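Have a look at the structure below before the remarks.
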Amino acid sequence: MVQDADITLIDDNGIRFDGRQTDEMRPVSMEVGVLHNADGSAMVEIGKTRILAAVYGPKELHPQHLQDQTTGILQVRYNMAPFSTEDRQKPGPNRRASEISLVARKALEPVVFLEEYPMTTVKVYIEVIEADASTRATGITAASLALADAGIPMKGLITACAAGKVGDSIVLDVASKEDSYGEADVPLAMIGGTDDITLLQIDSSGLTHEELDEALRMGKKGCEYLFEKQKEALYRQYSQVIT
Amino acid sequence: MTDQETEKTIVIPGDALEEEGQLRGGINTYTENGSVYAKVVGVRDVKRQQVRVIPFKGRYVPKENDLVIGSIAKVSGTSWIVELNSPYNGLMTLSESTEEFIDLDEHHLSEFYDVGEVVLVKIKRVTPKKHVQLTMKDNMARKITGGRIIEVSPTKVPRLIGKDGTMVTTVKDYTRCTIIVGQNGRVWIKGTYEDLAERAIRKIEEEAHTDGLTDIMSQWLEQELGTTETIGDD
């Protein structure tokens, strides 16, 4: 990407480079049951970020030493397609993908009743098809839809979105440019319909306590909005089944 | 969300299932702070002061006394491991497979059931750690040969069997097939119109949530049978 020192991410009227208000999300679309081979699947698009999630299981867990007689486990793989970014993404796992796989698993685990399936695994694949920031949050949102679609028992859905700081403003749903040139990125995952947070990360070059509070407030609003979209996607998919 | 025509409510995980505290939580629900919530995506169903969720999807989890169709995955010295279309395999010991005395010096277990062969077995016991013990000591249990085996979603099995077996009996009668539905979603079909039986079962699976499906299926089978017989006569 060409370095552009003069880029204006947010103007004096509080309008962002892509014409959004500070608390406005990019266009969202969600679809459930997009893959036939998977037990559950979902596609979530937020702006130009497009993520496919697939769930398989519960199934027998191998290698055997990972098996747990008291509970099943969740195995999450976050992966970026080589063509998902402007510069080619080297295929295969890397430090960043391992970290996101881990935090995504920890964000999803609190709602899944894994203890009902001892000795097994539920595999979750998060594939980033196109990346324009907020991929970990969007990946978690997609994964939770795919888990529900697979018929895995859950306490609720997990919804995630990212707030951030651009210039001196706190903004919702950071886009790639804002992520690269902005001041902070705060991904947040919540249990839908509750105040419970299952993921909170801060990647920042300076964020005050007050700004974090504001980012959390905004992120929560974003999650509420996405939660409605998630419910809509599931109801839409299954209304087709019963009619 | 309520579907006005059929009055079926689709629920998703976390949806509250009742507000007045009148109903107890049944299968696929959980209770928190006195309220009952859905655990899976499905249809809300109330019966005898109990609210439950009939799931759309899900894997089969072995249950005691279920009759299932499994395939032999491994033969060892004194037992068989049986694959059950489930996260858990079943174990069938020699003593559970027959009443007769078998001299293991003379015979190997693969002479009775070999890898890849299909058996209709009963689940004798499931331990809390999900060890599944199988038995052939049931009138229905046997080795399955001939015909065909198809897989349907385990969550659709109750619909496929119907109330007191009416649905599967309808299909059996029209297609002149023996049909055995394993609780694990495997269905064995053997008889005159196997193709038609398979298509009928696929149709039931697809339209599982339609009301009065048994009658619809009778009509459909009668109609299809007309065309099948014409082709058969040529």
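Within every chain, numbering begins at 1; the chains are lettered A, B, ... in the order of the sequence lines, protein sequences first and strands thereafter. Values in this document were obtained by computation on a predicted structure and should not be read as measured data.
- Using cut-offs of 30° and 60° on the angle between ring planes, the pair A/Phe113 and B/Tyr30 is tilted.
- Heavy atoms of A/Glu116 lying under 4.5 Å from chain B belong to its backbone as well as its side chain.
- When heavy atoms are compared at a cutoff of 4.5 Å, B/Val43 approaches chain A solely by way of its side chain, counted from C-beta outward.
- Within the 4.5 angstrom heavy-atom criterion, no atom of A/Leu147 approaches chain B.
- The residues B/Arg59 and A/Asp39 are annotated as salt-bridged, a charged nitrogen and a carboxylate oxygen being separated by less than 4.0 angstrom.
- Looking at B/Ala38, only its backbone comes within 4.5 Å of chain A, counting heavy atoms on both sides.
- Although no hydrogens or angles enter the test, the distance criterion places no donor-acceptor pair under 3.5 Å between the side chain of A/Tyr117 and the main chain of B/Val61.
- Within 6.0 Å of the NZ atom in B/Lys156, the count of heavy atoms belonging to other residues, nucleotides or ligands exceeds 12.
- Ranked by heavy-atom pairs shorter than 4.5 Å toward chain A, the options B/Pro128, B/Pro87, B/Gly42 are led by B/Pro87.
- Across all non-hydrogen atoms, the minimal contact from B/Ile10 to A/Tyr235 is O-CE2, 3.4 Å.
- Considering NZ of B/Lys130 and CE of A/Met119, their distance stands at 11.5 Å, rounded to 0.5 Å.
- Contact of B/Glu32 with chain A is made through the side chain alone, with heavy-atom distances under 4.5 Å.
- With a 4.5 angstrom heavy-atom cutoff, A/Ala150 touches chain B only via backbone atoms.
- Atom NZ of A/Lys48 is surrounded by 12 or fewer heavy atoms from other residues, nucleotides or ligands within 6.0 Å.
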